[in-house]
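Each remark here refers to the structure printed beneath this line.
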Amino acid sequence: MKLSAKIMAATVATLIGTSAYAQEQDTKVIGVSIPAATHGWAGGMNFHAKQTVERLEEVYPNLDFVLATAPDPGTQVNDIEDMVAVRNIDALVVLPFESDPLTPPVQAVAESGAWVTVVDRGLSVPGIEDLYVAGDNSGFGRISGEFMVSQMPDGGDIVVLRGIPTTIDNERVDAFTAAIEGSGINVLAMEHGNWNRDDSFTVMEDYLSKYPHIDAVWASDDDMAIGVLAAIEAAGRDDIKFVLGGAGMKEMIKRVADGDPMIPADVTYPPSMISTAIEMTAVGLTSNAAVSGTFTIGSVLVTQDNAMDFYYEDSPF
């Protein structure tokens, strides 16, 4: 009897171990690599990424997630290389800090056979990713340009602040430029504010010192718009009629709703798109659902008439 009990115990232990091993083998790992909260939009994106990972870990017991946030492109490259070497990831969801430096490491992930989902800022080489999730950047630029034209029917002089050098910034600027073509709007200067309040404050200070008269500013981002407004106030300039940002920061949406003449409108670009990307990647790894291709989230012009439809008081952004 004692021998049989020992054999039975050993058999049970073997079965449990085999089951655990099989379960471990069936578990798939999704790496999520995103920029740190260097500005408001990124802060909102980080918030949504963490919430989504926590929720999906409960929904999908056979999925593990590795979430890493990076303050610069070099750190993000290292994070991704570690995900491959240490965690042997089956999929990567990446929002590149910048397009050029992140293209080679993400391409290496794709070549390893892992699924790749790219979010927002595209890579420098097309076709690497299996899924691309982003806002409508061309639409964002076009809507912004059309609004500027509607507010300046007689034309005028404007300055522009670009974001970080990325493919999406190029798409926005190209569409904006096309939308104002032939309108009489003259772009005095166009510099990178890097989607950062402090950088934008510095760029706008330089603009204000160079140009004695500016009619309006396309800041192309709400964080940059805040830096621009601070520079205008510090300089005591009253020639600038309005500043157009974008992305849907709740502070700016509230100013639109309140009828602030300096912030007459905004253009949406939701940071929650990271949730869409993580969710679709999880579905792709756990089902037969077809999720490859491009998923585009449209931009909307926010005015005083519809602003409260886009105001979320509890949002971090």
Side-chain angles (χ1 to χ4, degrees), residues 35 38-42 44-45 95-100 102-103 118-124 126 129 132-152 158-183 185-197 199-200 203-204 207 216-228 242-249 252-253 256 263-274 276-277 294-303 310 317:
T38 53
H39 61 289
W41 191 92
M45 181 261 302
L95 196 159
F97 202 105
E98 293 180 7
S99 300
D100 289 344
L102 267 299
T103 295
V118 174
V119 188
D120 185 42
R121 306 170 193 174
L123 300 172
S124 300
E129 68 277 359
Y132 179 56
V133 177
D136 183 3
N137 288 287
S138 293
F140 182 98
R142 176 183 52 78
I143 291 170
S144 299
E146 290 172 350
F147 178 78
M148 298 290 281
V149 172
S150 73
Q151 298 300 296
M152 306 173 66
I158 70 169
V159 291
V160 172
L161 286 87
R162 303 185 60 155
I164 290 172
T166 53
T167 56
I168 69 167
D169 182 64
N170 294 339
E171 291 170 6
R172 291 180 179 188
V173 171
D174 289 347
F176 177 85
T177 302
I180 66 172
E181 187 176 356
S183 67
I185 294 177
N186 175 44
V187 178
L188 296 170
M190 188 180 291
E191 300 292 341
H192 290 280
N194 302 315
W195 294 318
N196 180 278
R197 297 185 190 189
D199 290 354
S200 300
V203 171
M204 192 62 199
Y207 285 163
V217 181
W218 183 42
S220 74
D221 173 81
D222 288 334
D223 267 299
M224 293 201 295
I226 289 175
V228 166
F242 68 92
V243 176
L244 180 63
M249 181 188 293
M252 304 304 272
I253 296 296
V256 174
I263 306 294
D266 202 76
V267 181
T268 62
Y269 197 81
S272 59
M273 67 178 67
I274 189 67
T276 304
T294 299
F295 190 90
T296 303
I297 301 167
S299 289
V300 177
L301 179 68
V302 179
T303 64
F310 299 93
F317 175 71

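Note that the structure is a prediction, hence the values are computed from the model and not measured.
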Spell out, as yes or no, whether a donor-acceptor pair under 3.5 Å connects the side chain of [X] to the backbone of [Y].
| X | Y | result |
| --- | --- | --- |
| Y207 | L188 | no |
| D199 | N194 | no |
| D266 | I253 | no |

Worksheet item: S299 and D136: side-chain donor and acceptor closer than 3.5 Å?
Response: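 Result is no, nothing qualifies.
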
Discussion item. Under a 3.5 Å threshold, yes or no: a donor from one side chain and an acceptor from the other, between D120 and Y269?
Written reply: yes

Compare all side-chain heavy atoms of [X] with those of [Y] and state whether any distance is below 4.5 angstrom.
| X | Y | value |
| --- | --- | --- |
| M249 | D221 | no |
| P165 | H192 | yes |
| Y132 | T294 | yes |
| S144 | R172 | no |
| V159 | V228 | no |
| T166 | P96 | no |

Discussion item. Consider side-chain contact (heavy atoms from CB on, under 4.5 Å). Of D169, I164, L102, which one does R121 pass it with?
Written reply: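 Single side-chain contact (heavy atoms from CB on, under 4.5 Å) partner of R121 among D169, I164, L102: I164.
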
Restricting to non-hydrogen atoms, name the atom on [X] and the atom on [Y] that form the minimum distance, rounded to 0.1 Å.
| X | Y | result |
| --- | --- | --- |
| L244 | A265 | CD1-O, 3.5 Å |
| F317 | P271 | CD2-CG, 3.9 Å |
| W41 | A247 | CD1-CB, 3.7 Å |
| S138 | A175 | O-CB, 3.1 Å |
| S99 | G122 | OG-O, 2.6 Å |
| E146 | A179 | N-CB, 4.0 Å |

Discussion item. Is the ring pair W218/F176 parallel, tilted or perpendicular, if the boundaries are 30 and 60 degrees?
Written reply: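 Ring orientation of W218 relative to F176: parallel.
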
Worksheet item: Looking at residues at least two apart in the chain, or sitting in another chain, which of them share a side-chain hydrogen bond (donor to acceptor under 3.5 Å, both in side chains) with N196?
Response: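 Expected list: none.
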
